[in-house]
Protein chains: 2
Amino acid sequence: MTDTRSTPPAGGDAPAATPDRRSPVTLSDVARASGVSLATASRAVNGSARKVRPDLHARVLAAAAQLGYTANGPAQAMARGRTSVLGLVVQDIADPYFSTMAAGVVRGAEQRGLVVTIGTTGRDPAKEAQHVAALRGQRASAVVVVGSRTDDAAVQARLAEEVAAFEASGGRAVLVSQESLPVDTLVVENEQGAEALARALTERGHERFAVLAGPPGLLTARDRLAGFRAGAAAGGGRVVDDLVLHGDFTRDGGHAAMHRLLDAGFDRGCVLAVNDVMAVGAMAALRERGVDLPGAVAVAGFDDISTLRDVTPALTTVRLPLQEIGERAVELLLDEEGGGPRTVRVRGEVVLRASTPDLRRG
Amino acid sequence: MTDTRSTPPAGGDAPAATPDRRSPVTLSDVARASGVSLATASRAVNGSARKVRPDLHARVLAAAAQLGYTANGPAQAMARGRTSVLGLVVQDIADPYFSTMAAGVVRGAEQRGLVVTIGTTGRDPAKEAQHVAALRGQRASAVVVVGSRTDDAAVQARLAEEVAAFEASGGRAVLVSQESLPVDTLVVENEQGAEALARALTERGHERFAVLAGPPGLLTARDRLAGFRAGAAAGGGRVVDDLVLHGDFTRDGGHAAMHRLLDAGFDRGCVLAVNDVMAVGAMAALRERGVDLPGAVAVAGFDDISTLRDVTPALTTVRLPLQEIGERAVELLLDEEGGGPRTVRVRGEVVLRASTPDLRRG
DNA sequence: CCGTGGTTGGATAGCGCTTTCCTCACGATA
DNA sequence: TATCGTGAGGAAAGCGCTATCCAACCACGG
């Protein structure tokens, strides 16, 4: 009981690939079975700068395979001082905006042999910092925070602090859509995209705009609104202040806000919902109220969520390369850093569809 | 250079909460700072069966907070022999079916202090076993495989083997939608749901059915088809064999299959797409071809993906409590097991909407 | 006043792996 | 043939934490 724990099958041929009970086959077992030292076994099995003589190398690998050896992750992480975990923090993984981006991150990470852990904030920005802190404890090697971008300074400061601590501890961090922190950041050009959308809409003859604007404190929503306003003005149209309603950044938020808009007497014009999910909710509300869509009221969204492309009428929106954003975030993470924090800007592309007909040509 | 690494601030007051460089503050530092042994510090900070005298307890906690101590996850995992990781394996996290379920899993896991890692197979069933193996190496304490359910026996056997090895190594496993393996399983009653759907449709006067059936080897799709067939027959309708087309389990798969169906001369009847995403693709195809929907061709889907509820005409489908399934999977994982593998069955609920009008009443 | 449980700190042995060092063998150069 | 440089295996020192075992120490009862 005091010696080397359960001894592996000592005889000539060990039971092959039979996952015995509590799989205690360690590197030592492999080393012993192949008659080399622990160090050599480690070098052969898990790679190292040092080379191992070919015959020994093969012998060790054979033994490992035959014993069904699997490296103990935590032990490796401990010895190396770092795991190969990439922590992804999002608001809600069920939201297609985040899940599409997550798919990109997962894809990039798996290619590079990283494991992705996912943390959700349930749209509470304060939880972002908590997750980053936890990730630091886990010795994650990287973290991607798809930011909520609030205007709550204390919350932002806390996040900045945690991210700094994370990086100080040797990890790499990338924020998506948050430009105000001194960290590598992937900025989605919401304002520019919204402006371009508004211009395109005015070119189609739309002039009077209402906006379903999302939560007041959410910078993403705010940027989109600001850009849209600017674009509308530039194109000769205008966003009517009384017709800017706030609501949740969700389908139901858009649905409710649209109802309120209709209640307020709005019955003609173009509505921007600051994301596609809200736009879909808004369209549902319009149908429920029997409003002619897109005849009387036109609707535009933002994001170009792929599963939402097939609504009727097809939704005008700004396409964001969500999956690509996820992949780029991983690239950014793994690239060697030159100097200070880098910023990568991603633009959206206006996609005009049937939900905002061309009024000029009919 | 040969002694105890970077020594912590020795003076009276250490710099508070300043995340110094590579955050090397360990439990030993905390113990030293609070003048107790490592063992006591461990007991105070990270809990244990053993009690610590209140004043010491407080002292240790204070020191930990002041030093900004965060437990080293891998080290804990190593000492305990197990991590607090729950591995989730899905096909594609961007697919709302999986991301909704993932949201449930994440929710359940976070409540219980588990970290969720996510692995994707890209719809390659063979990768499931690989992920489970990797998770075993990571000493994950639990794994949820949202199964693809192929009919490839070798692949299934491999998965069964890996899951067995995983459980043998002390972890807990739950499969979603896979009944054939000796593991705790959450079975989605696809066949029953499809049958109920078909019956409901025949009651509405539909008689002639085509099916967009997904990949041939996919048991989920096959079960839905079988159930639908049975239900149609029972209700006095029939699934026309020539009108059962296979295609990818995706929007584009449904889109392409619908086009083929139309090419084959189908222009009247009811189409079942074996999931909502395919149904949406099919509806897009129908619109492209100018087919009267739902007048000439009615469409039904399966899953009731929430973001797809607002298509026009609203989609008849079978509602699956996806998020709840995820949460239940976590429950199942953590429940103490009684005897052998348990099976939990989840039923779908038919939701009739405008895409399949009632032919009897007009 | 001493024996006897019951507590609670402390010392310490690992957990499985990576990674210095150290050593040895071999071939090349003088 | 003697010396040095190089390449590769092996011994062993941790990585930071948990958990086991011991030793104090307390409050009792006899």
Side-chain angles (χ1 to χ4, degrees), chain A residues 1-6 8 22-60 64 67 69-84 136-139 169-170, chain B residues 1-6 8 22-60 64 67 69-84 136-139 169-170:
Chain A
M1 252 209 186
T2 49
D3 62 7
T4 36
R5 304 181 311 112
S6 69
R22 339 197 87 250
S23 167
V25 37
T26 73
L27 231 208
S28 302
D29 297 334
V30 174
R32 206 172 316 134
S34 47
V36 301
S37 75
L38 182 56
T40 302
S42 168
R43 295 195 264 253
V45 173
N46 298 319
S48 130
R50 289 274 306 264
K51 258 175 291 183
V52 174
R53 215 198 315 147
D55 59 323
L56 279 192
H57 195 277
R59 186 137 51 98
V60 174
L67 262 49
Y69 169 74
T70 318
N72 181 313
Q76 287 188 311
M78 164 127 200
R80 298 207 253 248
R82 194 141 285 294
T83 63
S84 55
R136 177 159 59 100
Q138 293 303 320
R139 300 303 186 265
S169 79
Chain B
M1 252 210 186
T2 48
D3 64 6
T4 36
R5 305 181 310 108
S6 69
R22 339 198 87 252
S23 165
V25 39
T26 72
L27 231 207
S28 302
D29 297 335
V30 174
R32 207 172 317 133
S34 46
V36 302
S37 75
L38 182 57
T40 301
S42 170
R43 296 195 264 251
V45 174
N46 299 319
S48 132
R50 290 274 304 263
K51 258 176 290 183
V52 174
R53 216 198 315 146
D55 59 324
L56 280 190
H57 196 277
R59 184 137 51 100
V60 173
L67 263 49
Y69 169 74
T70 318
N72 182 314
Q76 286 187 311
M78 166 127 197
R80 297 207 252 248
R82 194 140 287 291
T83 63
S84 56
R136 177 160 59 101
Q138 294 304 319
R139 300 303 188 266
S169 79

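Chain letters run A, B, ... following the sequence lines, proteins first and then strands; every chain starts at 1. What you are looking at is a predicted structure, and each value in this text was computed from that prediction instead of being measured.
- Checking the phosphate oxygens (OP1, OP2) of C/dG10, a side-chain nitrogen or oxygen of B/Thr40 falls inside 4.0 Å.
- Counting to the nearest Å, the P atom of C/dG16 and the CG atom of A/Leu67 are 14 Å from each other.
- In this structure, A/Thr83 contributes its side chain and A/Ala77 its backbone to no donor-acceptor pair below 3.5 Å.
- No donor-acceptor distance shorter than 3.5 angstrom exists from the side chain of A/Arg43 to the backbone of A/Val52, with no hydrogens or angles considered.
- As a whole-Å value, the separation of B/Leu56 CG from D/dC25 C1' is 14 Å.
- Here the side chain of B/Ala39 is nearest to one of C/dG10, D/dC17, D/dG14, namely C/dG10.
- In this entry the distance linking CD of A/Gln138 with P of D/dC17 reads 12 Å, nearest Å.
- Rounded to whole angstrom, the span from the CZ atom of B/Arg53 across to the P atom of C/dG6 amounts to 21 Å.
- Proximity of B/Val60 to B/Val36: side-chain heavy atoms (C-beta onward) are separated by under 4.5 Å at one or more points.
- Taking 4.0 angstrom as the limit, A/Ser37 places none of its side-chain polar atoms (N or O) nearer than this to OP1 or OP2 of D/dA11.
- In this structure, the CZ atom of A/Arg82 is 12 Å from the P atom of D/dG16, given to the nearest Å.
- As a whole-Å value, the separation of B/Asn46 CG from D/dG16 C1' is 11 Å.
- Between the A/Arg82 side chain and the A/Arg139 main chain, a donor and an acceptor come within less than 3.5 Å of each other.
- Judged by closest nucleotide on DNA chain D, B/Ala75 is the one of B/Ala75 and B/Gly47 placed further toward the 5' end.
- Nucleic acid contact class of B/Ala77 (heavy atoms, under 4.0 Å, all strands): none.
- In this structure, CG of A/Leu38 is placed 15 Å from P of C/dT20, rounded to the nearest angstrom.
- The side chain of A/Asn72 lies closest to C/dG16, out of C/dG10, C/dG16, C/dG9.
- Side-chain proximity of A/Met78 to the nucleotides C/dG9, D/dG16, C/dT18 is greatest for D/dG16.
- What separates CG of A/Asp55 from C1' of D/dA8 is a distance of 11 Å, to the nearest Å.
- Side-chain atoms of B/Gln76 lie closest to D/dT18 of the nucleotides D/dT18, C/dC17, C/dG10.
- Between B/Thr26 and D/dG16 there is no side-chain polar atom (N or O) within less than 4.0 angstrom of OP1 or OP2.
- Picking from D/dC21, C/dT12, D/dG10 the nucleotide with the shortest atom distance to the side chain of B/Arg50 gives D/dC21.
- In the set C/dG14, D/dT20, C/dC17, D/dT20 carries the atom at the smallest distance from any side-chain atom of B/Arg43.
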